[in-house]
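Only this structure's heavy atoms are used, side chains among them; waters, hydrogens and symmetry mates stay out.
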2 protein chains.
Amino acid sequence: MPSTPHGNAAKSRSRQRARKAGSPQQAPMRTLDLLGALTTFARNGVIFSEGQPAECVYKIESGCVRTYAMPQTGERQLVAFHVPGDCFALEGGDVHMMSAEATTDSTIRVIKRKALMARKNDAGMMRHLLDLTGAELRRTQRHNMLLLKGAQERVIGFILEIKERGHSDGEIALDMTRRDIADYLGLTIETVSRTLSRLEAESAISLPTPWRIVLHDPAALNLQ
Amino acid sequence: MPSTPHGNAAKSRSRQRARKAGSPQQAPMRTLDLLGALTTFARNGVIFSEGQPAECVYKIESGCVRTYAMPQTGERQLVAFHVPGDCFALEGGDVHMMSAEATTDSTIRVIKRKALMARKNDAGMMRHLLDLTGAELRRTQRHNMLLLKGAQERVIGFILEIKERGHSDGEIALDMTRRDIADYLGLTIETVSRTLSRLEAESAISLPTPWRIVLHDPAALNLQ
DNA sequence: CGTCACATTGAACCTCTTCAAGCGCCGTGG
DNA sequence: CCACGGCGCTTGAAGAGGTTCAATGTGACG
């Protein structure tokens, strides 16, 4: 019984990830890994909340995280998904601009900023953080561009993003719900669902289950 | 005759900025300032282009810069505006993901990456770059959130962003055209124009000229 | 087997886009 | 000097794409 976003929330609290478990595709041993404490979060578990003082940075070992803002008036705005290997909360500032939650049971390395700042004269560490922040900036810029397009292109762009970042080959496993995807793409869940169905009808993809996507013609998707 | 985006392009090539000239609101003397060469760009002048090797980073002294992507198929996607004090092209990577052009005559400090990398063991410099990149990341995340909203909120968000970043008080001077704004907000120029007109009809703002905005009730704008 | 959460599908509506026309400013050239 | 043309902005009317509202479907768990 794999841990999907579709299981019962209360029950999932104690589950372990069966699929893609372990330590996927990350570099041999990076500087950050020596500093942080491994912590586990259940599905929908809160990692930090908007407005709280920003005291840590985070690196994902396994699972998936969403970061989002929740305006007093308005819809939830999902800013990013983070997958194993990614760092988040790198943007600095005294308080968090966004909240972060696990979309599935996740293992996350939590690193105190104080510990980083204690090494602010360590040029290697600073440079490492710079690289990570640059990568995060590039991702955010890409997402920005995606949001300037139409619904079908957004959904396709999302699929391709997940495919690349998850290093999936052919089949993609979704660690998030339609609502998460919709809030990330600035669409409604209905539009996401309809668009996926249309792509399946056009034989570009198939959806064996709602949270698995098989790409039939990746080239065709790229051309949209 | 101030340098606005509305002058004749050929003629503006030789103009100097009258409004807001000099060195606005930047820290006493930052590390980067010692390394770069000051360069001037005319309105619509190309700073770098998508696909070129990324060899420099840039800091704006005066003027305004747009960064954008231009998909083979599709519209121009404006990712950011940069104003005096901002740095851009911090995202790293071997080649530029985007192009950059001046929206008005601008003075820009151009810093070779080689010069920065020569100081990669200078923790202070690395930390400075980290701070700048973090600030850029925060701006991009904010813009992301803006793109998840409706047209009126996007336009209001844009006005407030320009107001804050330009340190304007009451009156805002726009250094970009409606087309630039539209491509930045993922709207059409018609929608931008209509929305501004409606805000003026509702007495939230007034538009003495198309490139000057006077805020009448900033609080009212915030509540949207 | 009933319930709950999530996903899918349909139909009416609304916002934003598209297409088209007109205005105002500025610089140029007759 | 004034008429012309280019450029950017504004405004109107028709149309498309996405949202909203509502109903149905489906798998997981108790």
Side-chain angles (χ1 to χ4, degrees), chain A residues 1-15 18 43-44 74-76 103-105 147-156 174-183 185-201 205-213 224, chain B residues 1-15 43-44 74-76 103-104 147-156 174-183 185-201 205-213 224:
Chain A
M1 198 67 50
S3 168
T4 73
H6 305 265
N8 179 291
K11 187 70 178 200
S12 76
R13 189 158 293 278
S14 58
R15 282 190 200 147
R43 185 168 92 94
N44 295 326
E75 310 280 305
R76 184 179 68 157
T103 67
T104 67
D105 297 345
L147 293 177
L148 298 171
K149 304 193 174 197
Q152 174 160 326
E153 281 166 305
R154 292 192 207 184
V155 172
I156 291 174
L174 295 180
D175 278 342
M176 64 289 287
T177 66
R178 295 288 188 272
R179 169 135 305 286
D180 286 334
I181 299 172
D183 291 348
L185 296 179
L187 302 170
T188 59
I189 57 176
E190 291 94 334
T191 300
V192 172
S193 185
R194 269 188 262 269
T195 305
L196 288 172
S197 299
R198 180 151 26 86
L199 289 173
E200 186 174 30
I205 63 173
S206 62
L207 299 159
T209 76
W211 58 95
R212 292 195 307 154
I213 302 180
Q224 314 275 350
Chain B
M1 198 65 51
S3 168
T4 73
H6 306 263
N8 178 290
K11 187 71 177 203
S12 76
R13 189 157 293 277
S14 58
R15 283 193 198 144
R43 186 168 89 95
N44 294 326
E75 310 280 304
R76 183 179 70 157
T103 67
T104 66
L147 293 177
L148 297 171
K149 303 192 175 197
Q152 173 160 327
E153 282 166 306
R154 292 192 208 184
V155 172
I156 291 174
L174 296 180
D175 279 340
M176 64 289 288
T177 65
R178 294 288 188 271
R179 168 134 306 286
D180 285 333
I181 298 172
D183 291 348
L185 297 178
L187 302 171
T188 59
I189 56 176
E190 292 95 333
T191 300
V192 172
S193 184
R194 270 187 261 270
T195 305
L196 288 172
S197 298
R198 179 151 26 87
L199 289 174
E200 186 174 29
I205 63 173
S206 62
L207 299 159
T209 76
W211 57 95
R212 292 194 308 152
I213 302 180
Q224 314 277 346

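- When each of B:S197 and A:A151 is assigned the nucleotide of DNA chain D with its nearest heavy atom, B:S197 is the one assigned upstream, toward the 5' end.
- Atom CD1 of A:I189 is separated from atom C1' of C:dA5 by 11 Å (rounded to the nearest Å).
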Query - Evaluation steps, side-chain contact (heavy atoms from CB on, under 4.5 Å), between B:I181 and B:L174 - result: CA-CA 10 Å; B:I181 298 172; B:L174 296 180; 4.1 Å; yes
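- Among the atoms of the strands shown, base atoms are found under 4.0 Å from some heavy atom of A:T191.
- Nucleotide D:dG17 holds its C1' atom 17 Å from the CG atom of A:L148, rounded to whole Å.
- B:L185 CG to B:T191 OG1: the interatomic distance, rounded to the nearest 0.5 Å, is 10.5 Å.
- One can place CD1 of A:I181 at 17 Å from C1' of D:dG18, the figure rounded to the nearest angstrom.
- For D:dG27, neither phosphate oxygen OP1 nor OP2 lies less than 4.0 angstrom from any side-chain nitrogen or oxygen of A:T209.
- Contacts of B:L196 with the nucleic acid, taken as non-hydrogen atoms under 4.0 Å apart, are absent.
- The CZ-C1' distance, from A:R194 to D:dG17, rounds to 11 Å in whole Å.
- Among the nucleotides D:dG8, C:dC6, D:dT11, the one closest to the side chain of A:T177 is C:dC6.
- Residues A:D180 and A:R76 are paired through a salt bridge, judged by an N-O separation under 4.0 Å between the basic side chain and the carboxylate.
- Rounding to whole angstrom units, CZ of residue A:R212 and P of D:dG27 are separated by 12 Å.
- Comparing atom distances between the A:R43 side chain and each of C:dC6, D:dC9, C:dT8 picks out C:dC6 as nearest.
- The CG-P distance, from B:N44 to D:dC7, rounds to 12 Å in whole Å.
- To the nearest angstrom, P of C:dA12 lies 16 Å from CD of A:E190.
- Between B:R179 and D:dG8, a side-chain N or O to OP1/OP2 separation shorter than 4.0 Å is absent.
- Scanning atom types as modelled, no donor and acceptor separated by under 3.5 angstrom connect the side chain of A:R154 and the base of D:dG18.
- Comparing D:dT19, D:dT10, C:dT8 by their closest approach to the side chain of A:L187 singles out D:dT19.
- For the pair B:T209 (side chain) and B:W211 (backbone), a donor-acceptor distance under 3.5 Å is present.
- Rounded to an integer number of Å, the gap from A:K149 NZ to C:dT17 C1' is 18 Å.
- Residue A:E200 qualifies as enclosed at atom CD: its count of foreign heavy atoms under 6.0 Å is above 12.
- For C:dC16, neither phosphate oxygen OP1 nor OP2 lies less than 4.0 angstrom from any side-chain nitrogen or oxygen of B:T188.
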